[in-house]
Amino acid sequence: MANQNPEQIARDNIDKQLTACGWIIQGIKQVNLNAGLGIAVKEYITDVGPVDYLLFVEGKPCGVIEAKREEEGHRINVHENQGEEYAHAKLKHLKNDPLPFVYISTGEVTRFTDFTDPKPRARELFCFHKPETLRDWLKTNKSLRTRLHYLPKLQIDGLRECQVNAITKLDNSFKENRPRALIQMATGSGKTFTAITFIYRLLKFAKAKRVLFLVDTKNLGEQAEQEFMSFVPNDDNRKFTELYNVQRLKSSYIASDSQVCISTIQRLYSILKGTELDEKAEEENPNEKKYQPKEIPPVEYDPKMPIEFFDFIVIDECHRSIYNLWKQVLEYYDAFEIGLTATPDKRTVGYFDQNLVSEYSHEMAVADGVNVGFEVFIIDTKITQQGGTLWQGEYIEHREKLSRRKRLELQDEDEAYSKQQLDKDVVNPNQIRTIIKTFKDHLPEIFPDRYDKNGVFEVPKTLIFAKTDSHANDIIDIVRQEFAEENKFCKKITYNSDDPKSTLAQFRNDYHPRIAVTVDMIATGTDVKPLECLLFMRDVKSRNYFEQMKGRGTRTIGLDDLRKVTPTAKLTKDHFVIVDAIGVTKSLKTDSRPLEKKPGVPLKDLLQAVAVGAREEELFTTLAGRLTRLDKQLTDKERKQFSEKANGKTVAQVAKELLNAFNPDVLEEIETKVKAENTGASPAAIETIVKAQTEKLQNEAAKVFTGDLNEYIENVRKAHEQRIDLANPDEVIRAGWDKDHASANLALVQDFMLWMEQHKDELLALQIFYNLPYRKRELSFPVIKELYERLLTDNPRLHPFKLWDAFAGLEDKEDEGKLVHRLPRSASPKKELMALVAVVRKALKIDEYLVAFETVVDRNFQEWVFKKQAGATKFTEEQMQWLRLIKEYMTNSFHIEREDFDYNPFNAMGGLGKMWQLFCEQTDEIINELNDALAA
């Protein structure tokens, strides 16, 4: 209508919104309260003047709307008193109590206050509530915000401390009526489980009508649905889905009885826009797409999904899906918003009003044993670092990325390509092959304990991050070739691959595939607990995204479960390895760095440094990392003993205190408290007090490290620890650990040699080895077993397998071209004893190089037989069979006596009688000679 004043324009807009929300608008002279459930009467007379709109529900007044022109939007809150005044006014013709619901609106901005809340506070709305909603609110004894004050104390059974902390603080946030709250929990620490726990409480105790669980990819939605289906609350033996209806939205249809809706933000936006959405649009995180519209099409009111449709919105991975186009989806609903993320940035914290109710970092999760830390292995190649050149006059293969169709074209000039163009514009198969071959060659160094009983190396579950689907295809082909394996050994898991969910399940639960290649499908939010190695062949610029990608390796898994997919595993997963073949760990700084900043320092030196008063951040952080690994290997009895020596504190508590001593948030909290308690004090005085309290915090964390506890820690069982460039070959510049392990290996070897020197006179095995060859006949299985048990009792860090790795690492460092025999690993104690014999022989320089004991026995046997055969003795084939049998027996038992022939394997072949029959009076001589010769 032309020539309207601002007030009339505002009222027209309000009328449209009220009508859309189901209200019938009437003038004071046309009042008919029976015309519908909700009636909005204009200009109703009160004792303080006419109210712009009086709201009736079921014929009874319940609220008011105070209309203001649009220009008043920036100061709309100053009109709150006027709205409240109308709500408390006496209505003409009616005997009314104060009305509970007050809206103030310009038609563009609307604010609402519910005066039944404990502390009524105005909040901004997208639109008005439906009459049905106000009717339901009037029939309840307590409003939602009132009911939140009566949430019962959390039952903590089955919950981690970080989860208890998050839910408890979230409850407090609700009671303070904070509309937004952010929960930061490290990947793998149970964010979704935490969310389902508090959602269950909101539905059961706060009587929430409906909760939205919002994700940004279909994959995350499917995972969340599975977790809801498997969740059993700790106060009921029924599953969540048996108690409440859970619906994952696959179309615009939403069941009226759904109490939890799982949806992508893309689908919710499409519903509010009234458009259909292809499921493929839900496969990728929309915020990572490069295209963003200059003008954002606004969402529109949907009567089938009014603003009050959800009481709570839980936003998973909220650091990446609440901005730009998608922000308005959240602002549409009149709901509490709870963000979940492992990696919040400043923008995320700002969106949630700086209401960070839980901070649980990767370092804290590692210290608590919730996550595992990581180590970094670097592979640098020339072309990866520098790019290459397509030479003039060469026929260059051109390949279409999608169809992979090829053609040849003559290169008409020299053209250099940069490392940024690699695998995008130009593919160099030699570069990919060099990385994969180097990775394969160094896997036994990275995971030295992964040999089966036949000496065959088992590749740990590995995830390779590729740049594109085309890049992934190239990687897969080369992996299969270089590892000489079949198709099932290496698979692609991307949104564009065949049946990715099935392949992902196989990767998680089955032996094959050993290696998976992905672009983005399992870069975030996907749980593959047996995963032990991440190979980065793509760079990542986003800190948050890189943190999420690293998070795929942080999950913990018990030894029994790990062995279901990786049978050669010897220890519980206590770390994972990042193989950086692209420089991703150097291209940006990350918060979840490896805890162990001083990996080459022996544990006893760290303990001593703390005990004598050293107070460095690196020292505390490194010690916390070592203690966390230790905690994973301890038995319950050993943990109890630790606690007794640590003033009642657990290993995890001690590690956490070490981290908190230099935690920036804790230090900032100290400073804030000091300033608040010492108002008016000079900056210098404040600084002095802060310094004193900071030192007190550090000293409190360090005071448990007495000589008694330090000695226990040292000795307790730690080891339980597309043009195609075919013309340019690539070469390795560097392949090795990001941090030098040589000093750590040397320290371990030196500790072992010192231990042997200290006990050489009391342990028979050491007496024998120190006096070889004179006492070699005395070497036997019980003697070696006694040595093994005493060693682990005195210093569990000196496990034979760890010592083998340390000696081998030092040899490799000295001469990488030297052949080092690798010990076939086994969980069998006899195999551990064989490793022990090998490292003792190496330490005492009986063997020049580290060599497996069975190899020593084989070598000595061949020499003994050769000498015997060179003389008058000529063994028959049957005699040789028996001699080989004796040799195999001595490989495991170290010694043989006459009575051993009464047991397996000899008794089944005739025992000592058969031996005598074959060798007659030479029997005892041969037994003695073999005892002398084979163990030499």
Side-chain angles (χ1 to χ4, degrees), residues 452-456 763-789 800 821 823-838 840-841 846-847 851-936:
D452 65 18
K453 61 184 179 181
N454 298 315
V456 177
L763 292 172
L764 180 57
L766 292 180
Q767 293 173 24
I768 295 169
F769 278 114
Y770 271 92
N771 290 282
L772 283 178
Y774 307 108
R775 301 183 61 181
K776 53 191 172 185
R777 289 188 189 181
E778 300 176 49
L779 199 62
S780 65
F781 179 81
V783 169
I784 299 299
K785 187 176 181 184
E786 179 196 22
L787 176 65
Y788 169 76
E789 291 174 348
H821 294 273
L823 179 66
R825 301 299 173 81
S826 168
S828 163
K830 291 184 180 180
K831 295 296 183 183
E832 292 176 339
L833 300 189
M834 290 162 63
L836 179 56
V837 171
V840 170
R841 293 174 63 94
I846 298 169
D847 295 322
V851 59
F853 181 65
E854 58 263 46
T855 305
V856 173
V857 173
D858 284 343
R859 179 194 64 201
N860 293 344
F861 178 73
Q862 290 173 4
E863 291 177 357
W864 179 81
V865 171
F866 181 79
K867 289 179 181 177
K868 298 292 286 187
Q869 298 274 48
T873 303
K874 304 295 181 185
F875 294 122
T876 66
E877 181 54 36
E878 189 175 13
Q879 287 176 322
M880 283 301 302
Q881 281 184 323
W882 268 78
L883 292 173
R884 293 189 193 101
L885 205 61
I886 294 171
K887 184 260 296 185
E888 292 300 326
Y889 182 83
M890 290 185 64
T891 299
N892 293 309
S893 298
F894 311 102
H895 187 83
I896 192 166
E897 297 285 351
R898 268 174 162 257
E899 53 266 27
D900 292 328
F901 289 92
D902 294 332
Y903 304 103
N904 281 332
F906 305 108
N907 61 347
M909 301 176 65
L912 185 60
K914 182 65 176 179
M915 177 76 177
W916 187 266
Q917 180 183 336
L918 288 173
F919 296 98
C920 301
E921 64 275 1
Q922 289 184 300
T923 296
D924 290 332
E925 179 185 344
I926 286 175
I927 291 174
N928 290 334
E929 285 188 18
L930 289 175
N931 279 327
D932 282 343
L934 300 196

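Hydrogens, waters and symmetry mates play no part in the numbers below; they use all other heavy atoms, side chains included.
When atom types are taken as modelled, the side chain of Q879 and the backbone of L918 share a donor-acceptor pair closer than 3.5 angstrom. Without hydrogens or angle criteria, N928 side chain to E925 main chain gives no donor-acceptor distance under 3.5 Å. Side-chain atoms of N454 never come within 3.5 Å of backbone atoms of V456 as a donor-acceptor pair (strictly under, hydrogens ignored).
L787 places a side-chain heavy atom less than 4.5 Å from the side chain of V840. A 4.5 Å side-chain heavy-atom check between E929 and K868 finds at least one atom pair inside the cut-off. A heavy-atom distance below 4.5 Å is found between the side chains of E878 and K914. With contacts defined as side-chain heavy-atom distances shorter than 4.5 Å, the pair F919/I927 does not qualify. Residues M834 and I784 fail the side-chain proximity criterion, which asks for heavy atoms closer than 4.5 Å.
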Inset, instruction - Please assess F901 against I886 for the test side-chain contact (heavy atoms from CB on, under 4.5 Å), listing each intermediate value before the final yes or no. - result: CA-CA 9 Å; F901 289 92; I886 294 171; 4.0 Å; yes
Inset, instruction - Kindly indicate, with the supporting measurements, whether the criterion side-chain contact (heavy atoms from CB on, under 4.5 Å) is fulfilled by I926 and W882. - result: CA-CA 11 Å; I926 286 175; W882 268 78; over 6 Å; no
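Identified under the salt bridge (Lys or Arg N to Asp or Glu O under 4.0 Å) test for residues 879-890, with sequence neighbours left out: D858-K887, E877-R884.
Rounding to the nearest 0.5 Å gives a distance of 11.5 Å between CG of D900 and CE of M915.
Taking each heavy atom of L912 and T923 in turn, the nearest pair found is CD1-CG2, 4.4 Å. Looking at every heavy atom in both residues, E786 comes nearest to L763 through OE2-CD2, 4.1 Å. Minimum heavy-atom separation, Y889 to N904: CE1-O, 4.1 Å. Across all their heavy atoms, L930 and M890 have their closest contact at O-CE, 3.5 Å. In terms of heavy atoms, W916 sits closest to E921 at CH2-CA, 3.8 Å.
Annotation for K785: atom NZ does not count as buried by contact number, only 12 or fewer foreign heavy atoms lying within 6.0 Å.
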